Amino acid sequence: MYAVTSLLFLLVGFLLILVIRWQLAYPGEPLPFLGELFGVANAPGGIILPEFYNQLGAMHGTIMVFLGVVPLAVGAFGNYIVPLQIGAPDMAFPRLNLASYWFYLAGGIVMLVSFFVPGGAANNGWTSYAPLSDLAPGMGQTLWLGGMGLLIFSSLLGAVNFITTIIQLRAPGLTWFRLPFFVWSQFITSFLLLLAFPALQAAAILQAMDRLAGTSFFLPSGLAVAGQALNVAGAGNALLWQHLFWFLAHPEVYVLILPAMGIVAEIIANNTRKPLWGYRLMVYSVFVLGFLSFIVWAHHMFLTGMGTTISAFFQATTMIISIPSVVILSSLILSLYGGSIRFTSPMLFALAFLPMFGIGGLTGLPLGLATTDIPLHDTNYVVGHFHYLVAPGTIFALFAGIYYWFPRVTGRMMNDTLARIHFVGSLICMNVIFMPMFIQGLAGVNRRLWDGGASYEHAQGVLALNIPMSHAAFTLGFFQLFFIVNLFVSVKRGRKVDANPWQATTLEWSPAGAPLRAYRDPYEYSVPGALTDFTPQGEAKP
Amino acid sequence: MIVPYTTDVRPDTGLTNPKLGIWLFLASEVMLFGSLFSAYALLRSGDPAWPDQSTVVNVPLATLNTIVLISSSVTMVLAWASLTPALASRVTTGKAGAPATPLPLGRYRLFMGLTLLLGAVFLCIKAVEYSDKFSHGLLPSTNNFLGLYFTMTGLHALHVIGGMIVNAYLLGPGLKMWSSAPQRFANRVEVAGIYWHFVDVVWIFLFPVLYLL
Amino acid sequence: MLEWLGMPVAASAHAGQVDFIMVLVHWLMLVLFVGWSAFFFYVLVRFRRRANPVATHAGLQGSWSTWVEGGVLVAEVALLAFFSIPAWSARVDAFPAETQSTVVRVVAEQYAWNVHYPGADGRFGRTTLQLLGPDNPLGLDRADPTAKDDITTINQLYLPVDKPVIVHLSSKDMIHSFALPQMRVKQDVIPGIPQPVWFTPRQTGQWEIACSQLCGLGHYRMRGFYTIQTQAEYDAWLAEETALLATP
């Protein structure tokens with residue numbers, strides 16, 4: 001349920017960005033075929049208006065992050081795989097789980113409905129910076145806040161459920177350091193959801209008060225909009241929103257990434273036929289990541305007028321947090337050494353995750369140093385950076401996970417040829433879309449511009465890149481058809497397989513009906529002297 | 001499908017699922033109210049014209065409310081405590097399954113009823129305070145202090161209402177479980193109590209911050 | 001490497017320093033990426049199933065990965081301590097004296113940059129919300145004696161070369177961001193929190209002011225111009241504007 005809904009939302013978010021990519025490649029030219037459908041208020045004659053452009057941008061971010069990737073990575077994979085991997089009969093609170101899903105769906109529907117209210121959806125960026133969002137006319141932003149409220153509540157219920165399940169329902173013998181790395185990543189992710197999301201909940205409540213009850217928490221004194229002095233009490237603080245927002249949104253980044261690392265770790269261990277290199281180190285690193293992610297939020301705010309001391313603190317924490325990420329990435333790469341690598345379709349996506357995530361992580365360095373952030377802040381460089389982490393990073397890992405666990409869910413394999421076409425096409429397109437963003441960003445092209453920066457002199461040299469980038473995005477959409485077709489066809493006609501088609505060791509692949517109990521570490525592949533090259537975690541010692 | 005440890009304690013963690021769940025939920029609540037308190041600190045420190053709070057709000061009424069809410073916490077504990085001897089006696093007599101004679105519930109009904117009543121009194125006093133503010137033209141939009149006052153006490157009142165709904169359920173339809181699964185019912189009362197104490201603790205922070213400081 | 005990065009021309013005194021750090025960071029990134037990739041592809045080929053049918057349970061031995069990770073940490077700490085923090089400190093702490101600088105106010109609004117020069121007396125006139133109007137976007141009170149000689153422009157910022165500039169930024173409505181790409185200057189303009197920013201232009205030329213923070217539907221067209229002139233040209237421009245003030 002989670003998986004299907006979140007895949008649909010991913011598709012919606014992706015379609016929104018295709019409209020944007022058209023506009024960026026051909027600013028002001030009517031969108032072919034579909035343009036007229038958006039209505040006169042949004043796209044008269046198929047030409048995207050700036051208001052509508054901003055709605056698309058804000059909702060693309062919101063939908064992708066909060067309705068697509070997180071529910072798929074945590075809601076779908078977590079819900080399905082975690083109980084199986086720890087040998088639990090179900091989640092600790094099955095009814096809470098259902099409630100969490102309904103809150104998620106309700107939040108998603110509120111977000112989608114907001115496109116159809118007067119004034120359209122929220123159009124203040126996914127970050128919704130006040131005062132812009134505070135003062136935005138129409139109901140779109142209010143619905144955005146309400147939708148976020150529902151989504152946050154859904155996440156909180158989910159997080160409580162995950163943590164309780166992992167602590168309480170581990171099968172006998174499954175001690176903490178025998179947990180598969182995927183379970184660890186979900187465990188830390190849940191803590192981030194649990195403790196970081198309430199900050200945005202509080203911020204949303206305050207902004208709703210500003211919008212509905214006329215308070216001025218985010219409105220300083222002396223504002224004048226469109227030449228008219230604003231009639232509010234004032235004395236608020238516009239940065240308060242940013243602090244509360246980023247206190248959530250930086251841990252949120254790790255919510256997007258940790259489950260992806262978990263999935264990749266599972267698949268690498270399975271397809272190299274050897275244990276993960278530095279499993280314990282990885283677990284410690286994921287702990288450190290989780291903890292540090294709470295004290296780096298202000299590196300999104302270097303240019304809000306930060307003094308030397310505070311900026312030094314946040315630069316330092318930002319550099320420190322890169323270390324556990326480097327450790328995990330290195331461990332995953334070093335795990336390949338000495339393996340007997342099988343290039344199965346999930347493995348291809350998992351392998352591609354490593355360098356893609358590497359590019360995303362490395363380009364974080366110049367953004368994390370305040371001085372080099374000056375020219376790069378709010379340019380396409382930032383857009384390229386986080387898209388490398390989330391799109392060919394996390395989303396590739398999610399594809400890998402779908403291909404890997406599909407037989408566990410349906411008892412059938414997905415088609416390998418279609419998967420390989422999907423992989424090669426996606427990998428090339430993703431890089432053609434996002435790599436030029438670094439070039440544009442270094443040239444100083446800002447993000448969130450309706451015309452993609454066409455009016456700026458300094459953008460002229462790199463503007464033409466938008467055309468191949470956009471065509472790559474459309475082509476990326478085409479290659480996703482291979483995935484969608486594969487998914488539907490394989491459910492009915494995929495090759496039937498037994499309970500453990502990948503010859504994996506972790507408990508979710510135990511034969512049906514076997515008593516669940518763990519006897520050893522999670523990744524006992526190629527144990528010297530063993531009969532097979534895998535020794536399942538749940539197999540009793542002879 | 002039976003989920004283990006919903007009623008019994010898992011030996012190596014020493015917890016039941018609901019108890020761990022409620023503590024985790026409260027951790028996130030701490031972050032929610034913590035964020036609002038930080039917002040309060042930031043806004044107040046940045047505003048030289050912050051009003052003298054105690055002259056705006058009604059301190060005696062709030063003091064009374066503090067006493068009401070603390071008392072309701074005490075009655076909540078007593079309600080839970082009234083269940084445990086019956087359980088203990090059942091354990092010592094060693095009867096398995098549902099008890100032959102119904103376990104006494106008089107004291108539980110009394111104290112749970114009192115808890116509900118005190119919650120209602122708290123909300124009534126709150127309503128008096130609010131309407132008094134409104135009648136003097138003091139609205140959330142008047143200044144950021146009043147804005148935060150209404151936001152934070154309002155959110156707290158919603159938590160009180162939520163707690164009362166749970167308590168009412170445990171006094172009414174939820175009471176059926178006492179005859180079928182007494183230990184599970186007592187656990188539910190305990191969990192509801194933990195939440196109720198948290199609501200109380202939030203008020204104990206709100207009271208000095210919004211009324212006295 | 002600087003030319004590969006394709007950044008705009010570096011036309012201020014500190015731009016070289018920013019670019020130098022940028023180049024250093026990108027070298028570090030390049031070395032790490034090439035190193036990792038080389039190892040990655042070597043391993044993929046060397047340990048493919050056909051070349052290595054039986055995996056080794058123990059995996060990689062030795063501690064050189066720790067050394068690499070330690071090396072990354074050292075490089076990052078060095079970048080931070082020796083380059084980024086001192087450079088940042090120079091931007092935000094070491095402001096030049098106002099008497100030795102060109103001082104100007106820039107007030108951002110949806111979707112324009114209002115520029116306010118103090119005039120010959122070096123003092124900015126009083127501004128007030130009540131006087132805001134289509135002809136007076138700053139709300140400048142011309143009755144105030146210090147305002148008599150103040151010069152205002154919209155979207156046009158003129159500055160002399162080789163002399164420090166202090167820009168006092170403020171916003172009338174939303175959060176904007178004042179970016180001068182060729183000066184390596186960018187500063188969020190936050191309503192209610194005035195911010196100064198300083199730099200020393202080293203090249204003459206005309207470039208664009210870009211808004212770098214989403215500020216509404218017209219964000220994409222919130223574009224201004226700034227012109228760095230020789231002192232003589234700048235003085236001539238000032239004199240011309242002052243003369244215009246006298247003729248109503």
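Numbers restart at 1 for each chain; the letters A, B, ... are given by sequence-line order, proteins then strands. All values derive from a computational prediction rather than experimental measurement.
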Region of [X] in contact with chain C, defined by heavy-atom distances below 4.5 Å:
{"X": "A:Leu135", "result": "side chain"}
{"X": "A:Thr309", "result": "neither"}
{"X": "A:Phe218", "result": "neither"}
{"X": "A:Trp277", "result": "side chain"}
{"X": "A:Ser455", "result": "both"}
{"X": "A:Gln242", "result": "side chain"}
{"X": "A:Ala316", "result": "both"}
{"X": "A:Asn237", "result": "side chain"}

Side chain from CB out, backbone as N, CA, C, O: work out which of these in [X] comes under 4.5 Å of a heavy atom of chain A, or both, or neither.
{"X": "C:Val43", "value": "both"}
{"X": "C:Leu131", "value": "neither"}
{"X": "C:Ser37", "value": "neither"}
{"X": "C:Leu30", "value": "neither"}
{"X": "C:Arg48", "value": "both"}
{"X": "C:Val77", "value": "neither"}
{"X": "C:Gln195", "value": "side chain"}
{"X": "C:Pro53", "value": "backbone"}
{"X": "C:Gln130", "value": "neither"}

Top of [options] for chain A proximity - count of heavy-atom pairs under 4.5 angstrom:
{"options": "C:Ile85, C:Leu169, C:Leu132", "answer": "C:Ile85"}
{"options": "C:Pro196, C:Cys215, C:Ser84, C:Gly192", "answer": "C:Ser84"}
{"options": "C:Thr56, C:Thr66, C:Val54", "answer": "C:Thr56"}
{"options": "C:Gln187, C:Arg50, C:Arg223", "answer": "C:Arg223"}
{"options": "C:Phe33, C:Trp88, C:Phe39", "answer": "C:Trp88"}
{"options": "C:Pro191, C:Pro181, C:Ala87, C:Gly59", "answer": "C:Pro191"}

Residue selection (most heavy-atom pairs with chain C, distance under 4.5 Å) from [options]:
{"options": "A:Pro275, A:Gly368, A:Pro528, A:Gly125", "result": "A:Pro275"}
{"options": "A:Val225, A:Leu334, A:Asp533", "result": "A:Leu334"}
{"options": "A:Pro355, A:Ser335, A:Gly461", "result": "A:Pro355"}
{"options": "A:Pro366, A:Ala238, A:Gly227", "result": "A:Pro366"}
{"options": "A:Gly452, A:Ala229, A:Ala370", "result": "A:Ala370"}
{"options": "A:Ser221, A:Pro220, A:Ser340", "result": "A:Ser340"}

Student check: side-chain heavy atoms of [X] and [Y] closer than 4.5 Å:
{"X": "C:Asn52", "Y": "A:Ile341", "value": "no"}
{"X": "C:Gln17", "Y": "A:Thr371", "value": "no"}
{"X": "A:Ser330", "Y": "C:Val68", "value": "no"}
{"X": "A:Leu351", "Y": "C:Phe40", "value": "yes"}
{"X": "A:Leu354", "Y": "C:Trp36", "value": "no"}

Pairwise distance [atom1]([X]) to [atom2]([Y]) - rounded to 0.5 angstrom:
{"X": "C:Ile190", "Y": "A:Thr304", "atom1": "CD1", "atom2": "OG1", "value": "5.0 Å"}
{"X": "C:Leu60", "Y": "A:Lys274", "atom1": "CG", "atom2": "NZ", "value": "8.0 Å"}
{"X": "C:Cys211", "Y": "A:Tyr456", "atom1": "SG", "atom2": "OH", "value": "7.0 Å"}
{"X": "C:Met183", "Y": "A:Ile374", "atom1": "CE", "atom2": "CD1", "value": "14.0 Å"}
{"X": "C:Gln213", "Y": "A:Leu303", "atom1": "CD", "atom2": "CG", "value": "9.0 Å"}
{"X": "C:Phe83", "Y": "A:Leu369", "atom1": "CZ", "atom2": "CG", "value": "11.0 Å"}

Using a heavy-atom distance cut-off of less than 4.5 Å, which residues of residues 171-178 of chain C contact chain A? C:Lys172, C:Asp173, C:Met174, C:Ile175
Residues of residues 6-16 of chain C near chain A, each having a heavy atom less than 4.5 Å away: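 So far as heavy atoms go, C:Gly6, C:Met7, C:Pro8 are the residues that approach chain A to under 4.5 Å.
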I'd like to know whether [atom1] of [X] has more than 12 heavy-atom contacts from other residues, nucleotides or ligands below 6.0 angstrom.
{"X": "C:Gln206", "atom1": "CD", "value": "yes"}
{"X": "A:Tyr337", "atom1": "OH", "value": "no"}
{"X": "C:Trp67", "atom1": "CH2", "value": "no"}
{"X": "C:Asp93", "atom1": "CG", "value": "yes"}

Test side-chain contact (heavy atoms from CB on, under 4.5 Å) applied to A:Phe343 and C:Leu44, step by step: CA-CA 9 Å; A:Phe343 294 95; C:Leu44 288 189; 4.1 Å; yes
Chi angles and distances behind the side-chain contact (heavy atoms from CB on, under 4.5 Å) call for A:Arg273, C:Arg49: CA-CA 10 Å; A:Arg273 316 306 293 169; C:Arg49 192 179 187 181; over 6 Å; no
Walk me through it: do C:Glu76 and A:Leu365 pass the test side-chain contact (heavy atoms from CB on, under 4.5 Å)? CA-CA 9 Å; C:Glu76 287 181 357; A:Leu365 282 176; 3.3 Å; yes
Exercise: identify the closest heavy-atom pair between C:Tyr220 and A:Pro50: CE2-CG, 3.7 Å
Where does the angle between the aromatic ring planes of C:His26 and A:Tyr381 fall among parallel (under 30°), tilted (30 to 60°) and perpendicular (over 60°)? perpendicular
For C:Leu214, which of A:Leu449, A:Leu132, A:Thr127 qualifies under side chain to side chain contact (heavy atoms under 4.5 Å, CB included)?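 It is A:Leu132, the one option of A:Leu449, A:Leu132, A:Thr127 that forms the side chain to side chain contact (heavy atoms under 4.5 Å, CB included) with C:Leu214.
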side-chain contact (heavy atoms from CB on, under 4.5 Å) for C:Val92 and A:Met306? Distances and angles first, verdict last. CA-CA 8 Å; C:Val92 299; A:Met306 205 180 269; over 6 Å; no
So, does C:Glu208 use its side chain to make a donor-acceptor pair with the main chain of A:Glu457 at under 3.5 Å? yes
